[in-house]
Amino acid sequence: MSILKIARMGHPILRERANEIADPQQAQIQTLVQHMLDTMIDANGLGLAAPQVHVSKRLVIFSITEEQAEYYDCEIMPLSVLINPVLEPLSDDTNTDWEGCLSVPGLRGRVPRYDHIGYRSISLEGKVCEREARGWHARVVQHECDHLDGILYPQRIENLSDLIFESEIKHHIGSPDDNEVARK
Ligand code: NI
């Protein structure tokens, strides 16, 4: 098991556009995915993008375990590995909800995201996968793919009063501004 160091907001790698992966089946990529998975589990995160572990590659992983789904009141998601993902909104509708990020520890922000997206990526076996996503699944994919373009969620917040300390989230759960419960 390898736990990698997570880059925090301010590190230049988090502001760069990450590089395409030429060969998803390369042993180096398989090893990187395993190390990212170890790191995400250790940090109790829902998703992780390669630039967050100081690797400029277009690779993200995410999963929501049964326990996390119950805690965050969202659907369970099996582990997904997206290589060179490309996403597009399938409707102009958006929703706003709380997000956190392992690169922005201790904070939470209310971030608008598209409700319904389509995305295409390559699997570790080199196959093209196309999926549609809504709700929390769509939110996680948009958050993680933003990392590949050098964007952190605070840059998406419309009103900076929507950026708060995690320890104060209890004051915001169920407020009229929130359409759903607070989530990591
Ligand atoms: Ni993040």
Side-chain angles (χ1 to χ4, degrees), residues 2-19 21 32-65 68-69 71-87 89 94-115 117 119 121 131 133-158 160 162-169 172 180-184:
S2 282
I3 298 184
L4 306 172
K5 187 179 178 192
I6 296 176
R8 307 212 294 181
M9 183 164 64
H11 193 292
I13 196 156
L14 296 173
R15 297 300 305 274
E16 289 170 12
R17 186 181 191 279
N19 296 310
I21 293 176
L32 174 61
V33 167
Q34 187 56 56
H35 293 173
M36 284 173 60
L37 184 57
D38 293 342
T39 305
M40 183 176 79
I41 291 169
D42 177 69
N44 196 28
L46 306 180
L48 192 65
Q52 291 183 274
V53 291
H54 307 85
V55 177
S56 179
K57 291 192 189 303
R58 302 189 79 75
L59 164 64
V60 308
I61 63 172
F62 60 87
S63 79
I64 299 183
T65 62
Q68 287 169 327
Y71 185 77
Y72 299 115
D73 188 26
C74 59
E75 68 265 39
I76 295 169
M77 285 194 288
L79 177 68
S80 294
V81 177
L82 312 186
I83 294 170
N84 301 336
V86 178
L87 67 81
T94 61
N95 68 89
T96 304
D97 206 345
W98 293 98
E99 291 184 15
C101 180
L102 296 175
S103 294
V104 191
L107 298 179
R108 290 284 183 272
R110 265 167 50 92
V111 186
R113 299 286 185 189
Y114 289 109
D115 286 346
I117 62 165
Y119 64 94
S121 64
R131 288 179 78 180
R134 295 171 189 271
W136 193 245
H137 178 187
R139 175 171 294 275
V140 171
V141 172
Q142 288 170 84
H143 176 117
E144 297 308 329
C145 290
D146 264 356
H147 278 297
L148 306 182
D149 292 327
I151 298 166
L152 296 176
Y153 81 78
Q155 292 164 256
R156 298 279 190 197
I157 292 176
E158 289 172 339
L160 271 180
D162 284 339
L163 184 63
I164 66 168
F165 284 105
E166 186 176 15
S167 55
E168 307 301 334
I169 193 89
H172 299 265
E180 297 186 54
V181 296
R183 289 164 172 165
K184 188 168 186 179

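Remember, it's 1-based here, ligands and their atoms both numbered in the order they're listed. The chain is numbered in sequence order, starting from 1. No experiment lies behind these values; they were computed from the predicted model shown.
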If every non-hydrogen atom of Lys57 is compared with every non-hydrogen atom of Ala50, which pair is closest and at what distance?
O-CB, 3.5 Å
Partner set under side chain to side chain donor-acceptor pair (under 3.5 Å) for Ser63, not counting sequence neighbours
none
State whether the number of non-hydrogen atoms from other residues, nucleotides or ligands found under 6.0 Å of Phe62 atom CZ is greater than 12.
yes
What protein N/O/S atoms are there under 2.8 Å from the Ni ion (ligand 1), waters excluded?
Cys101 SG, His143 NE2, His147 NE2
Do you know the tightest heavy-atom contact between Pro85 and Cys145?
CG-SG, 3.7 Å
For Arg131, which residues count as a side-chain contact (heavy atoms from CB on, under 4.5 Å) partner, sequence neighbours excluded?
Ser80, Tyr119, His137
Results of side chain to side chain donor-acceptor pair (under 3.5 Å) for Gln142 - residues two or more places apart only:
none
